[in-house]
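The structure appears right after this line, and notes come after that.
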Amino acid sequence: MTENIFTLLTQEVRGALAALVPELPAEALARVQVEPPRDAAHGDMATNAALVAAKPARMPPPKLAAALAGRLMALPMVSEAAPAGPGFVNLRLREDFLRAQVPTVLRVGERYGDSRLGAGVRANVEYVSANPTGPMHVGHCRGAVVGDALANLLAKAGWDVTKEYYVNDAGNQVAALGWAAYWRYMRAITLNGEDWTAEATERRFGVTLQYRGDYLVAVGDALAERFGDSLAARRIEGTKVPAEETLSAFAPALERGWLVKTAWLDTVRETAVAMMMAEIREDLALLGVNQDVFLSERSLVEAGAVEGAVKLLEDRGLIYEGVLEPPKGKTPEDWEPRPQTLFRATDFGDDVDRPLRKSDGSNTYFANDIACHADKIARGHDLLIDVWGADHGGYVSRMQAAVRAVSDGKVPLEVVLCQIVHVMKAGEPVRMSKRAGTYVTLRDLIEEVGRDAVRFTMLTRKSDAQMEFDLDKVVEQSRDNPVFYVQYAHARCRSVLRQAGDPAVADLAGAPLDALTDPAETALIRRIAAWPRTVEAAATAREPHRIAFYLGDLAGDFHVLWNRGRDDSTLRFIRAEEPEATRARLALVAATATVIRSGLGVMGVTPVEEMR
RNA sequence: GCGCCCUUAGCUCAGUUGGAUAGAGCAACGACCUUCUAAGUCGUGGGUCGGGGGUUCGAAUCCCUCAGGGCGCGCCA
């Protein structure tokens, strides 16, 4: 959009270069960049145009740079253009051109920075996708925030975004949840004084109770209330249970003389899943995460989507029965060659072909996941992004291979990996154990430090870098807490505007800005003007953390300006004796607050009006 | 053993997809409060970008190699 002065300048520079070197090939022109130089002393913008074009133009870079600088001087927004170094052209922009960004911000509001970069692309961002086997804990939190912010970021940059949660409500984990919920149910109805401790239950049914956290007590109670004792397991003597009533995951109990009708167990499991999902969605809502689509794995399986996806691959000759080589180097102890149903992932860049079926004939998770991604493609998405924990890193290449195969290479799958978050309290790591049920839940975390601190902090690191989350630090009100620092800048902006009687934005947008000449003011204006470029760069790189860093820089520029007024009272924002300068500065303050809100909006963090 | 990710100031981390003399914060030292919020700001010191090779006008960034750390490695999701 025209609000992006970098895009504008790039077009101008390319135009000037093309006029100067008409024979320049298009791909060279595309490499021409206009960027703020690392060293601000070099000017507002620098371009590599002469370096890129020197060879095709058969001219030494400095000479070409000098010629280009001459042309660029003629541009209305350029005040100075000079060749520099090995062949750069440094540009200084007219102050009034830069200042014009301020009323632009005020006019478009928080939509400032919106871009059409991704226009026409339907992107699906899948994140969280935790098993519905328990409440959200801090381990899920980073992916939830990163995924949500990335989706917001892409939407701001013009992509048509769907936020998605893939519900893993099929498979062993959920079967185990069923048993644990059943155990809680049996305890809730307390039959005949029998021993329903976890140990006795495990012995009786020949299963392991994986999920012993207290959170399933409520599920057991709800089942007892709704179904009375009609789901209760009964001891049977010498009764043969018809095979069709068995379900593999529940089979062991049947062999031990306990009748557990599978239809009843389905009820238990479905109730547990539904209650867990409701809880997870509540937790996500507390975090400000509200996905558009919740896609159920079980419903895909039941609708035959997995068979459909496998058929699709089969039709393309990508499925075969074969035996895999053992992993290179160290062979596992219990390795034995087995014929399996395999997908030719190696045809699409993976290291080995991947199994689609378990030996009992059921599908692997991978097979179901292919169906999930095929479903997204069928719904018309042309860019798939998954946010996963780093422990799933080994899964990336096979999933990409599958998506490539299913979509004929038309739909890319990108995977953003999130590293572990170490929660710290008073310098000590907080231990987590899901089995014992002694973990830090997301809800605990939000209650302790607040949603905004959680979201902001989760975005202060690159997602593939490990992170320490210090419960004490994120609520600390000091310079080294970026959450506070950025919020404080916004609160200060609002404080000034309140002090000035909250002037109408339309009025400020019309203010003459010639008075904004202090270096701290022009630095702030330049930072504001860089926001659209930051959005595009962060979206392109799929790196929402860049927004957090930008806001830290923007807040820093503002705090500097604030303190200038402390040192020199003629630089204070509100000066009764200078109404025009006051209006100009209020416009700048309002624009700053607007851009902070725009950035916090991407991060899903609420801007505060004042610090408490 | 193989594959992927990581290694930047004493510490925690950025580094605008290959640009000019590599930056912040913390910690250390030294400044600034009758004030629109000092919960802040300014200054000083601090580096062989893990080591070595290569690609080119130019490398923290791309390729190779070695060292160290993390993750993963046929029916867990």
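Keep in mind it's a predicted model, so treat the numbers as computed, not measured.
Aromatic rings of A/Phe88 and A/His42 (six-membered ring for Trp) have centroids beyond the 6.0 Å cut-off, not under it. Ring-centre distance between A/Phe573 and A/Phe558: below the 6.0 Å cut-off.
Straight-line distance from the CG atom of A/Leu497 to the P atom of B/C36: 16 Å, rounded to whole Å. The distance from atom CZ of A/Arg492 to atom C1' of B/A38 is 8 Å, rounded to the nearest whole Å. Taking atom OH on A/Tyr365 and atom P on B/G72, their separation rounds to 16 Å, with Å as the unit. Protein atom NE2 of A/His545 is 13 Å distant from nucleotide atom P of B/U17, rounded to whole Å. Straight-line distance from the CD atom of A/Glu297 to the P atom of B/C76: 13 Å, rounded to whole Å. Rounded to whole angstrom, the span from the CG atom of A/Asp464 across to the P atom of B/G69 amounts to 20 Å. Spacing between atom OH of A/Tyr550 and atom C1' of B/G25 amounts to 19 Å, rounded to whole angstrom units.
The ring of A/His392 does not lie on top of the base of B/G72; it is either too far (5.5 Å or more) or too tilted (30° or more). Between A/Phe88 and B/A20, a base-stacking contact is recorded: ring centres under 5.5 Å apart, planes less than 30° from parallel.
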Inset, instruction - Report the C-alpha distance between A/Asp350 and A/Arg354 in whole Å, list the side-chain angles of each, state the deciding distance to 0.1 Å, and finish with yes or no for salt bridge (Lys or Arg N to Asp or Glu O under 4.0 Å). - result: CA-CA 9 Å; A/Asp350 200 1; A/Arg354 305 291 183 175; 2.8 Å; yes
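Remark: B/G1 base-pairs with B/C73. Criterion, Watson-Crick or G-U wobble with two distances under 3.5 Å. Under the Watson-Crick or G-U wobble criterion, with both distances below 3.5 Å, B/A28 is paired with B/U44. In this structure, B/U37 makes no Watson-Crick or G-U wobble pair, since no nucleotide meets both defining distances under 3.5 angstrom. Pairing for B/C57 is with B/G19, a Watson-Crick or G-U wobble pair whose two hydrogen-bonding atom distances lie under 3.5 Å.
In B/C29 the base sits anti relative to the sugar, since the glycosidic angle is further than 90° from 0. Glycosidic conformation, B/U48: anti, with the torsion outside 90° of 0.
Between A/Lys358 and B/A77 there is a side-chain polar atom (N or O) within less than 4.0 angstrom of OP1 or OP2. Regarding contacts with the backbone of B/C71, every side-chain N or O of A/Trp388 stays at 4.0 angstrom or more from both OP1 and OP2. A sub-4.0 Å separation between OP1 or OP2 of B/U41 and a side-chain N or O of A/Tyr485 is present. Remark: A/Asn48 is not in phosphate contact with B/G19, judged by side-chain N or O atoms under 4.0 Å from OP1 or OP2.
Comparing the P positions of B/U65 and B/C71 gives a spacing of 24 Å, expressed to the nearest Å. When the C1' atom is used for both B/U16 and B/G54, the distance is 27 Å, rounded to whole Å. Separation of the P atoms belonging to B/G46 and B/G10 is 11 Å when rounded to the nearest angstrom. Distance noted for atom C1' between B/C49 and B/G15: 11 Å (whole Å). A gap of 10 Å separates the P atoms of B/C26 and B/C42, to the nearest Å.
For A/Asn90 and B/A20, a side-chain-to-base donor-acceptor distance below 3.5 Å is present, hydrogens and geometry of angles not being considered.
Nucleic acid contact class of A/Glu610 (heavy atoms, under 4.0 Å, all strands): base. Among the heavy atoms of the strands lying under 4.0 Å from A/Thr540 is at least one base atom, whether or not backbone atoms are also near.
When all heavy atoms of A/Asp353 and A/Phe343 are compared, the closest pair comes out as CB-O, 3.1 Å.
Formation of a donor-acceptor pair under 3.5 Å by the A/His490 side chain with backbone atoms of A/Val608 is found in this model. Of the possible donor and acceptor atoms, one in the side chain of A/Arg14 sits under 3.5 Å from a partner among the backbone N and O of A/Val32.
Nearest to the side chain of A/Ala541, among B/U17, B/C13, B/C36, sits B/U17.
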